[in-house]
Amino acid sequence: MTAAADGRLVNVFQFDLSGLAQQAFMLGLSGSGTSAREGLTMIGVLADGTILYPTAVTGTDTPPELPQQFVLHGNYPNPFNPSTTILMDLPADAKVSVEVFDVLGRVVLRTIPEDHEAGHGRLIRIAAAALASGTYPYRVRATTATGTKTHIGQMTILK
């Protein structure tokens with residue numbers, strides 16, 4: 001489960017869905033807590049309308065340890081129109097910015113640096129509606145108290 005505002009991993013839940021093999025279903029989480037003990041329940045609905053409520057939580061874990069290094073997982077969806085999300089792991093709190101370049105190496109889009117907490121699965125949303133269809137390299141820069149790390153990726157816009 002991630003926090004909607006910043007994509008921060010809050011908790012990991014496990015549900016036993018082994019009895020639903022080869023069936024189409026939709027899952028939803030309901031409640032205000034961040035753990036099963038705080039009122040979180042999974043609600044399932046099969047394709048035929050059968051409601052699976054409540055489904056017992058079979059395990060919970062605390063969020064995983066902090067990553068050991070800055071990892072860029074790329075952007076999704078890719079290709080996209082008009083926006084995409086860049087996914088990364090941060091070993092320390094960082095101020096993160098993204099620069100998108102055209103084929104001549106000119107910066108065509110730059111995000112305002114944002115503060116992100118250390119952890120797995122940190123997200124940056126990129127709105128690129130003003131850019132033409134094409135493939136664009138991008139650079140993610142994460143500045144921490146101990147220095148700056150950069151990684152590059154490639155995104156494709158289809159209009």
Side-chain angles (χ1 to χ4, degrees), residues 1-15 17 24-45 57 59-159:
M1 173 191 304
T2 59
D6 62 6
R8 180 175 39 87
L9 185 62
V10 176
N11 209 332
V12 177
F13 298 92
Q14 298 173 348
F15 300 93
L17 303 175
F25 59 92
M26 181 178 74
L27 296 176
L29 293 174
S30 175
S32 59
T34 57
S35 74
R37 292 177 299 280
E38 295 174 358
L40 188 67
T41 304
M42 184 190 75
I43 301 168
V45 180
V57 176
T60 63
D61 295 323
T62 56
E65 301 277 330
L66 289 178
Q68 297 300 306
Q69 61 186 3
F70 174 37
V71 177
L72 177 63
H73 294 288
N75 64 296
Y76 67 91
N78 195 21
F80 67 95
N81 179 21
S83 64
T84 189
T85 301
I86 295 174
L87 180 67
M88 66 194 152
D89 297 339
L90 295 171
D93 293 353
K95 191 169 284 287
V96 181
S97 62
V98 178
E99 293 175 312
V100 179
F101 302 91
D102 66 11
V103 294
L104 298 176
R106 297 177 294 201
V107 176
V108 293
L109 189 146
R110 180 178 286 131
T111 65
I112 296 170
E114 298 177 7
D115 292 322
H116 288 269
E117 291 182 8
H120 296 276
R122 299 301 179 246
L123 306 174
I124 296 179
R125 288 176 179 71
I126 302 293
L131 299 178
S133 292
T135 299
Y136 295 84
Y138 63 90
R139 175 174 52 207
V140 178
R141 179 174 290 144
T143 302
T144 66
T146 60
T148 299
K149 299 284 186 181
T150 60
H151 281 293
I152 59 169
Q154 184 172 294
M155 59 178 65
T156 302
I157 302 170
L158 295 178
K159 292 190 174 185

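- Taking every heavy atom of both residues into account, Ala92 and Thr144 meet most closely at CB-CG2, 4.1 Å.
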Stepwise side-chain contact (heavy atoms from CB on, under 4.5 Å) check, Asn75 with Ile126: CA-CA 9 Å; Asn75 64 296; Ile126 302 293; over 6 Å; no
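- With hydrogens and angles disregarded, no donor-acceptor distance shorter than 3.5 Å links the side chain of Thr85 to the backbone of Arg125.
- Crowding of Leu158 atom CG: a count of heavy atoms from other residues, nucleotides or ligands under 6.0 Å exceeding 12.
- Once rounded to the nearest 0.5 Å, the distance linking CD1 of Ile124 with OG1 of Thr111 reads 5.5 Å.
- Counting only N and O atoms by type, the side chains of Asp93 and His116 include no donor and acceptor under 3.5 Å apart.
- A donor atom on one side chain and an acceptor atom on the other are found under 3.5 Å apart for Thr148 and Thr143.
- Residue Leu131 holds its CG atom at 4.5 Å from OH of Tyr136, rounded to the nearest 0.5 Å.
- A donor-acceptor contact shorter than 3.5 Å is absent between the side chain of Arg110 and the backbone of Val108.
- Considering only heavy atoms from C-beta on, Met155 comes within 4.5 Å of Val100 through its side chain.
- Atoms CD1 and NZ, from Ile112 and Lys95 in turn, are 10.5 Å apart once rounded to the nearest 0.5 Å.
- Heavy atoms only, all atoms of each residue included: Ile157 and Ala128 are closest at CD1-CB, 3.7 Å.
- Without hydrogens or angle criteria, Arg139 side chain to His151 main chain gives no donor-acceptor distance under 3.5 Å.
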Val107/Tyr138 under side-chain contact (heavy atoms from CB on, under 4.5 Å): CA gap, chis, key distance, verdict: CA-CA 9 Å; Val107 176; Tyr138 63 90; over 6 Å; no
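- A distance-only check finds no donor-acceptor pair linking the side chain of Thr156 to the backbone of Gly134 [under 3.5 Å].
- Residues Lys159 and Asn81 share a closest heavy-atom pair of CA-ND2, 3.8 Å.
- Between Pro91 and Pro67, the shortest heavy-atom distance links the atoms CB-O, 3.2 Å.
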Trace of the side-chain contact (heavy atoms from CB on, under 4.5 Å) decision for Val140 with Thr150: CA-CA 6 Å; Val140 178; Thr150 60; over 6 Å; no
Intermediate values then yes/no, side-chain contact (heavy atoms from CB on, under 4.5 Å), Arg141 and Val96: CA-CA 6 Å; Arg141 179 174 290 144; Val96 181; over 6 Å; no
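- Residues Ser83 and Pro77 approach most closely at O-CD, 4.4 Å, considering heavy atoms.
- The two residues Leu109 and Ala127 come nearest to each other via the heavy atoms CD1-O, 3.3 Å.
- If you take OG1 on Thr84 and CG on Leu123, they are separated by 10.5 Å, rounding to the nearest 0.5 Å.
- The CZ atom of Phe70 lies 9.0 Å from the CG atom of Asp89; values are rounded to the nearest 0.5 Å.
- The structure places NE2 of His73 at 11.0 Å from CZ of Arg122, a figure rounded to the nearest 0.5 Å.
- Here the side chain of Lys149 pairs no donor or acceptor atom with the backbone of Val71 at under 3.5 angstrom.
- Between the side chain of Asn78 and the backbone N or O of Gln154, at least one donor-acceptor pair lies under 3.5 Å.
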